[in-house]
**Student:** 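Just passing along the structure, written as structure tokens.
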Amino acid sequence: DAGIVSIEGLTAVFGGPASLLAVYAIATGKSYSHILQFAISLAQLYGVGVYYITALLEGVPRVTITNQEDNITQQLHNGVRGLMLDMYDFDGDVWLCHSSRGQCHDYTAFEPAINTLKEIEAFLSANPSEIVTLILEDYVHTQNGLKKVFSDSGLMKFWFPVTNMPRNGRDWPLVSDM
């Protein structure tokens, strides 16, 4: 989209150098450091506002900002082996969501969890010697909701059995034993 590219271009051309100038101004005690910080903050606020308004005008009710620049597949290819996923009941399914009080909303929902889990399954199928740890923040109240989404994604075949997990401070098994 031309509008977004224009805003990104302005940010790169003006925002980056202005931020460096602000660091210099702060470090050297220049009198204009506060006004420069204010201007940069205002520009950032404007950018965030444009992002949300553009998303809403384009009919996208979900404007959740991601935690990472890379998608799951890119993260896995870059060596990430632990993922923390917040899962909620939403829109009749299990979704990844940034929210609070155990309630997912249109504006906090990210995507159906099955999409991310299928990315992880594809990576593990292509790289059978790799281990990926999923840390779940579980707000799914639908009976068997998590079990169903993991089964539907094909990830169940990679699960380490809960019955084999170490207890009482014992060591985890060797990777070769998993």
**Student:** Hey, does the side chain of E119 reach the backbone of T73 with a donor-acceptor pair shorter than 3.5 angstrom?
**Tutor:** yes
**Student:** Looking only at atom types and distance, does a side-chain atom of D89 sit under 3.5 Å from a main-chain N or O of T142, one as donor and one as acceptor?
**Tutor:** yes
**Student:** Spell out, as yes or no, whether a donor-acceptor pair under 3.5 Å connects the side chain of D138 to the backbone of V140.
**Tutor:** yes
**Student:** Taking the side chain as every heavy atom from C-beta outward, state whether Y139 and M87 have any atom pair closer than 4.5 Å.
**Tutor:** no
**Student:** Donor-acceptor pairs under 3.5 angstrom involving side-chain atoms of residues 35-42: please list them, not counting sequence neighbours.
**Tutor:**
{"unit_1": "Q37", "atom_1": "NE2", "unit_2": "S33", "atom_2": "O", "d": "3.3"}
{"unit_1": "S41", "atom_1": "OG", "unit_2": "Q37", "atom_2": "O", "d": "3.0"}

**Student:** Tell me, with the steps shown, if V94 and I114 meet side chain to side chain contact (heavy atoms under 4.5 Å, CB included).
**Tutor:** CA-CA 8 Å; V94 176; I114 187 103; over 6 Å; no
**Student:** With side chains defined as the heavy atoms from C-beta onward, is the minimum distance between C97 and F110 less than 4.5 Å?
**Tutor:** no
**Student:** Would you give me the side-chain donor-acceptor pairs under 3.5 Å for residues 123-132, sequence neighbours excluded?
**Tutor:**
{"unit_1": "S125", "atom_1": "OG", "unit_2": "E121", "atom_2": "O", "d": "3.1"}
{"unit_1": "S125", "atom_1": "OG", "unit_2": "E121", "atom_2": "OE2", "d": "2.6"}
{"unit_1": "N127", "atom_1": "ND2", "unit_2": "F123", "atom_2": "O", "d": "2.9"}
{"unit_1": "E130", "atom_1": "OE1", "unit_2": "R81", "atom_2": "NE", "d": "2.8"}
{"unit_1": "E130", "atom_1": "OE1", "unit_2": "R81", "atom_2": "NH2", "d": "3.3"}

**Student:** Is there a path of hydrophobic side-chain contacts, each under 4.5 Å between heavy atoms of I, L, V, M, F, W or Y residues, that connects V149 with W159?
**Tutor:** yes
**Student:** Can a donor-acceptor pair be found, under 3.5 Å and without considering hydrogens, that links the side chain of W95 to the backbone of F90?
**Tutor:** yes
**Student:** Counting only N and O atoms by type, is there a donor-acceptor contact under 3.5 Å from the side chain of D86 to the main-chain atoms of H98?
**Tutor:** no
**Student:** For F160, does the CZ atom have more than 12 heavy-atom neighbours from other residues, nucleotides or ligands under 6.0 Å away?
**Tutor:** yes
**Student:** Who passes salt bridge (charged side-chain N to carboxylate O under 4.0 Å, His left out) against K148, sequence neighbours left out?
**Tutor:** D152
